[in-house]
> 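Structure in structure tokens, see below.
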Protein chains: 2
Amino acid sequence: MSIFLGLLHHPVLNRLGEVGSTAVTNVDIHDLARAARTYGVQTFFIVTPIDLQQMLVGRVLKHWTEGPGAERLPTRSEALKRADVVDSLDTAIANIERDTGQTPEIIVTGANLREGVQTFASVREHLQDSDRPALLLFGTGHGLAPGVIERADIRLPAIESPQEVQGYNHLSVRAAVVIILDRLFGVYE
Amino acid sequence: MSIFLGLLHHPVLNRLGEVGSTAVTNVDIHDLARAARTYGVQTFFIVTPIDLQQMLVGRVLKHWTEGPGAERLPTRSEALKRADVVDSLDTAIANIERDTGQTPEIIVTGANLREGVQTFASVREHLQDSDRPALLLFGTGHGLAPGVIERADIRLPAIESPQEVQGYNHLSVRAAVVIILDRLFGVYE
């Protein structure tokens with residue numbers, strides 16, 4: 001089981017339902033790198049096609065892995081060493097192929113995904129037995145563009161409210177990622 | 001089952017292990033209000049003894065529940081209506097007593113909590129059958145002060161890495177809260 005995580009800033013939907021790009025959020029980098037480290041994700045890809053955003057993320061990562069941040073907060077450094085910034089989903093996939101020698105299985109989820117989904121329990125079991133790398137993708141903004149959903153090998157259901165609560169599916173992408181990592185890889189009694 | 005959530009900015013530990021206060025973080029307010037709404041939390045208390053911080057949080061909440069934010073993003077408004085800012089844990093408890101007529105059972109967790117803990121499964125089951133309100137407490141900074149831990153009726157274990165991953169327990173408080181809400185109240189296959 002080797003797990004990769006990708007946070008896409010393009011192609012994602014905006015609030016009008018159009019395909020576009022979002023800006024990288026600093027707290028996403030930190031929170032998701034820490035969660036990736038906790039659950040044993042090999043590389044957390046921050047995906048943005050925008051040069052200036054790539055440079056910005058590169059500077060943040062350098063600050064915490066080689067710069068003053070690394071000395072001040074070594075646990076943060078340990079998490080951010082697993083983060084990487086790439087220009088596209090294809091580059092993330094190519095990097096995984098380079099590092100593992102295999103094409104990753106793509107797993108997606110989204111607040112509106114209800115069709116063709118597998119259960120968390122079945123995907124969890126599948127990943128434990130799998131020799132193939134897996135790439136979990138999440139979209140910022142209003143979620144992954146349809147073209148990304150179509151490339152997926154596995155679809156996870158949306159995170160739903162418990163039945164006795166009136167439904168609400170507007171979690172932050174940060175929350176959705178950590179909940180799904182815990183559902184797929186968390187171990188507790 | 002009536003569930004309350006409290007995010008404490010005092011009394012919490014700083015990185016030297018001393019009891020102190022932290023500043024409120026805007027993203028905590030949004031992410032945790034959205035998660036609270038998703039999982040059916042009745043009120044999310046943001047606890048800070050600092051007047052100016054209370055005013056700041058009050059302004060943020062007002063913007064999203066009555067101001068321009070409410071119209072622009074009604075789903076955010078729906079979540080932030082459940083958030084409230086109070087000066088102390090005692091005030092949060094007093095508000096719960098006023099609203100429910102009962103003293104809440106206090107539930108705590110923390111990255112270093114290993115002694116006297118109950119399993120997530122047993123606490124989940126207990127809460128489903130309970131007629132008493134429950135107040136889940138989380139500490140910002142380096143976690144809840146010992147005085148708060150001592151007041152708890154129930155302790156939950158720390159969120160641990162899976163066994164095959166070298167241990168790491170430095171999740172953000174945002175991540176810890178949503179993972180624990182999902183472990184206690186999440187329903188999925």
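Letters A, B, ... are given to chains in the order of the sequence lines, protein chains preceding strands, and every chain is numbered from 1. Just the heavy atoms: all of them, side chains too, but no hydrogens, waters or symmetry mates, feed the values below. On a predicted model such as this, the values are computed, not experimentally measured, just so you know.
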> Among Q163(A), E160(A), R15(A), which residue forms the greatest number of heavy-atom pairs with chain B at distances under 4.5 Å?
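With the most close heavy-atom pairs to chain B, the winner is R15(A).
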
> Applying salt bridge (Lys or Arg N to Asp or Glu O under 4.0 Å), name anything that partners E105(A), two or more places apart in sequence or on another chain.
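Applying salt bridge (Lys or Arg N to Asp or Glu O under 4.0 Å) to E105(A) gives none.
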
> Who passes side chain to side chain donor-acceptor pair (under 3.5 Å) against D28(A), sequence neighbours left out?
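Residues passing side chain to side chain donor-acceptor pair (under 3.5 Å) with D28(A): R174(A).
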
> Please look at Q166(A) and chain B and tell me whether the side chain, the backbone, both or neither of the residue comes under 4.5 angstrom of a heavy atom of that chain.
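Contact with chain B involves both backbone and side-chain atoms of Q166(A).
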
> So, the side chain of S161(B) versus the backbone of Y39(A): is there a donor-acceptor pair under 3.5 Å, distance only?
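Not a single qualifying donor-acceptor pair exists.
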
> Side chain of H10(A), backbone of T22(A): donor and acceptor closer than 3.5 Å?
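No: the side chain of H10(A) does not pair with the backbone of T22(A).
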
> Can you list the residues of residues 175-189 of chain A that sit under 4.5 Å from chain B, counting heavy atoms only?
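Listed by number, the contacting residues are A175(A), V178(A), I179(A), D182(A), R183(A), F185(A), G186(A), V187(A), Y188(A), E189(A).
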
> Is a donor on one side and an acceptor on the other found under 3.5 Å between the side chain of R132(B) and the backbone of P104(B)?
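Yes; at least one donor-acceptor contact below 3.5 Å.
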
> Can you give the donor-acceptor pairs under 3.5 Å from side chains of residues 49-61 of chain A to other protein atoms, not counting sequence neighbours?
unit_1, atom_1, unit_2, atom_2, d
Q53(A), OE1, V24(A), N, 2.6
Q54(A), NE2, T48(A), O, 2.7

> Indicate the ring-plane relationship of F45(B) and F4(B), choosing parallel, tilted or perpendicular according to the 30° and 60° boundaries.
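F45(B) vs F4(B) ring planes: parallel.
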
